[in-house]
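This report refers to the structure that appears directly beneath it.
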Amino acid sequence: MLRLHYNLEKMSMGLVAGIIVAASIGGIVEIAPLFTIDETVEIPDDMRPHTPLELAGREIYIREGCYACHSQMVRSLADELDRYGPYSLAAESAYDHPMLWGSKRTGPDLARLGEKYSDAWHSAHLIDPRSVVPASIMPAYPWLSRDLDTDLIGDQLATLATLGVPYTADMVDAALDDAKGQSQPDTEAGDAVRERYGADVAVRAFDGDPARLTEMDAVVAYLQSLGTLTDAPYELLAGETQ
């Protein structure tokens with residue numbers, strides 16, 4: 001075998017052909033499963049897409065590079081289950097474009113962050129991380145208190161709908177109203193958000209000020225949605241532990 005390999009290295013075209021064959025096999029092994037992903041990834045019946053406000057927060061989360069330090073994938077390891085909760089399912093990211101599972105954790109995993117802390121805690125943490133976590137090395141994001149740019153919210157929902165995310169025409173048309181309504185509790189606009197996205201959707205002034213729609217509202221709404229879009233992981237884990 002060593003002699004064969006030695007002789008192959010002396011034949012440039014033979015070595016190139018060997019590399020192509022090896023790379024092709026590896027590529028097929030990785031790519032082939034993607035053609036059956038619709039059959040292998042089953043979407044839970046209670047799975048919902050992000051609301052317009054949560055989606056806007058996700059875009060800001062990506063813009064600020066938060067994904068570089070925080071993964072959104074709980075592995076099926078005992079210590080991770082103890083710390084974060086049920087391991088992540090592929091179905092939970094079925095509507096994410098792009099998905100943000102990640103593999104590096106400078107900060108904790110955020111896959112199950114939703115409703116773990118209060119909105120006030122998140123706002124304080126984003127404005128001055130060390131005010132709530134003294135040892136934090138996270139940078140501050142005080143500019144998130146500025147008004148949210150809503151010009152593209154409807155277009156974003158329409159684009160995701162073409163990619164298979166179950167946004168209806170009504171959801172797309174009402175995207176701007178729903179983005180504002182989710183931060184205005186006890187209003188007809190807030191009730192409309194629950195009607196379109198489910199009674200469990202959080203509708204409140206995430207930054208504490210219902211009179212303004214800010215980037216802080218959007219980011220906190222997104223963070224509070226993480227791990228709450230479906231109960232499937234918790235039901236699966238409960239079944240496995242019985």
Checklist line | Close side-chain approach of Met138 and Thr106, heavy atoms under 4.5 Å | finding: no
Notebook entry, point to check: Listed by chain and number, what are the salt bridge (charged side-chain N to carboxylate O under 4.0 Å, His left out) partners of Arg212, not counting sequence neighbours?
Noted result: Asp147
Notebook entry, point to check: What heavy-atom pair brings Ala205 and Pro210 nearest, and what distance separates the two atoms?
Noted result: CB-N, 3.7 Å
Check: When clusters are formed from ILVMFWY side-chain contacts under 4.5 Å, directly or step by step, what else is grouped with Met73?
Finding: Met99, Trp101
Item checked: Main-chain N/O of Tyr117 paired to Gln224 side chain as donor or acceptor, under 3.5 Å -> yes
Check: Once you round to the nearest 0.5 Å, how far does OH of Tyr87 lie from CD of Glu92?
Finding: 10.5 Å
Next item on the list: Check whether any side-chain N or O of His70 sits under 3.5 Å from a backbone N or O of Asp109 as a donor-acceptor pair, and report yes or no.
Entry: no
Checklist line | Residue pairs involving residues 113-138 (criterion salt bridge (charged side-chain N to carboxylate O under 4.0 Å, His left out); sequence neighbours excluded) | finding: Glu115-Arg204, Asp119-Arg204
Margin query: Measuring only between side-chain heavy atoms, which start at C-beta, is Val220 closer than 4.5 Å to Leu126?
Written below: yes
Item checked: Tyr197 side chain reached by Val203 side chain, heavy atoms, under 4.5 Å -> no
Notebook entry, point to check: Sequence neighbours excluded, which residues qualify as salt bridge (charged side-chain N to carboxylate O under 4.0 Å, His left out) partners of Arg194?
Noted result: Asp191
Note to self: Apply the hydrophobic cluster definition, ILVMFWY joined by side-chain contacts under 4.5 Å directly or through others, and give me every member besides Tyr234.
What the structure shows: none
Next item on the list: Check step by step if side chain to side chain donor-acceptor pair (under 3.5 Å) holds for Thr214 and Asp207.
Entry: CA-CA 8 Å; Thr214 64; Asp207 69 349; 2.8 Å; yes
Notebook entry, point to check: Can you list the other members of the hydrophobic cluster that holds Ile20, where links are side-chain heavy atoms under 4.5 angstrom apart?
Noted result: Val16
Next item on the list: Measure the spacing between CG of Asp177 and CD of Gln182 and express it to the nearest 0.5 Å.
Entry: 13.0 Å
Checklist line | Backbone of Pro86 reached by a side-chain donor or acceptor of Arg112 within 3.5 Å | finding: yes
Checklist line | Heavy-atom pair with the smallest gap, counting every atom of Val74 and Ala111 | finding: CG2-CB, 3.9 Å
Next item on the list: Can you run down the salt bridge (charged side-chain N to carboxylate O under 4.0 Å, His left out) pairs that involve residues 213-231, sequence neighbours left out, and say none if there aren't any?
Entry: Arg63-Glu215, Arg146-Glu215
Notebook entry, point to check: Do any pairs count as a salt bridge (charged side-chain N to carboxylate O under 4.0 Å, His left out) and have a residue in residues 47-57, sequence neighbours left out, and if so which ones?
Noted result: Arg48-Glu54
Item checked: Any side-chain heavy-atom pair of Tyr84 and Pro108 under 4.5 Å -> yes
Item checked: For Glu59, all residues meeting salt bridge (charged side-chain N to carboxylate O under 4.0 Å, His left out), sequence neighbours excluded -> none
Checklist line | Sidechain-backbone polar pair: Asp149 side chain, Asp151 backbone, donor-acceptor under 3.5 Å | finding: yes
Notebook entry, point to check: Should Val219 and His122 count as side-chain neighbours, where that means a heavy-atom distance under 4.5 Å?
Noted result: no
Next item on the list: Could you walk me through whether Val133 and His125 pass the side-chain contact (heavy atoms from CB on, under 4.5 Å) test, one step at a time?
Entry: CA-CA 8 Å; Val133 183; His125 185 237; 4.2 Å; yes
Item checked: Verdict with reasoning, Val201 to Thr51, per side-chain contact (heavy atoms from CB on, under 4.5 Å) -> CA-CA 8 Å; Val201 171; Thr51 65; 3.9 Å; yes
Notebook entry, point to check: What distance separates Leu100 CG from Ser93 OG, expressed to the nearest 0.5 Å?
Noted result: 8.0 Å
Margin query: Using a 3.5 Å distance criterion without hydrogens, assess whether the side chain of Ser225 forms a donor-acceptor pair with backbone atoms of Tyr222.
Written below: yes
Checklist line | Minimum heavy-atom distance Pro52-Ala175, with the two atoms named | finding: CB-O, 3.5 Å
Notebook entry, point to check: How close do Tyr95 and Pro49 get, heavy atom to heavy atom, and via which atoms?
Noted result: CD1-CA, 4.0 Å
Notebook entry, point to check: Is Asp173 atom CG crowded by more than 12 heavy atoms from other residues, nucleotides or ligands, each under 6.0 Å away?
Noted result: yes
Without placing hydrogens or testing angles, list every side-chain donor-acceptor pair under 3.5 Å for residues 152-167, not counting sequence neighbours.
unit_1, atom_1, unit_2, atom_2, d
Thr159, OG1, Asp155, O, 2.9
Thr162, OG1, Thr159, O, 2.4
Tyr167, OH, His50, O, 2.6

Next item on the list: Compare all side-chain heavy atoms of Leu148 with those of Leu53 and state whether any distance is below 4.5 angstrom.
Entry: yes
Margin query: Filter on salt bridge (charged side-chain N to carboxylate O under 4.0 Å, His left out), then keep only pairs touching residues 74-84, sequence neighbours left out; what's left?
Written below: Glu80-Arg105
Note to self: If you compare all heavy atoms of Pro233 against all heavy atoms of Thr230, which two are closest, and at what distance to 0.1 Å?
What the structure shows: CD-O, 3.8 Å
Notebook entry, point to check: Minimum heavy-atom separation for Pro44 to Ala232, with atom names?
Noted result: CG-CB, 3.7 Å
Check: Should Leu236 and Leu77 be regarded as members of a common hydrophobic cluster, given that ILVMFWY residues are connected when their side-chain heavy atoms come within less than 4.5 Å of each other, either directly or indirectly?
Finding: no
Checklist line | Residues forming a salt bridge (charged side-chain N to carboxylate O under 4.0 Å, His left out) with Arg196, sequence neighbours excluded | finding: Asp170, Asp178
Check: Can Leu176 be reached from Leu213 by stepping across I, L, V, M, F, W or Y side chains whose heavy atoms are under 4.5 Å apart?
Finding: no
Next item on the list: For side-chain contact (heavy atoms from CB on, under 4.5 Å), just list the numbers for Tyr141 and Ile60, CA-CA rounded to whole Å, side-chain angles, deciding distance to a tenth of an Å, and then say yes or no.
Entry: CA-CA 11 Å; Tyr141 299 91; Ile60 297 170; over 6 Å; no
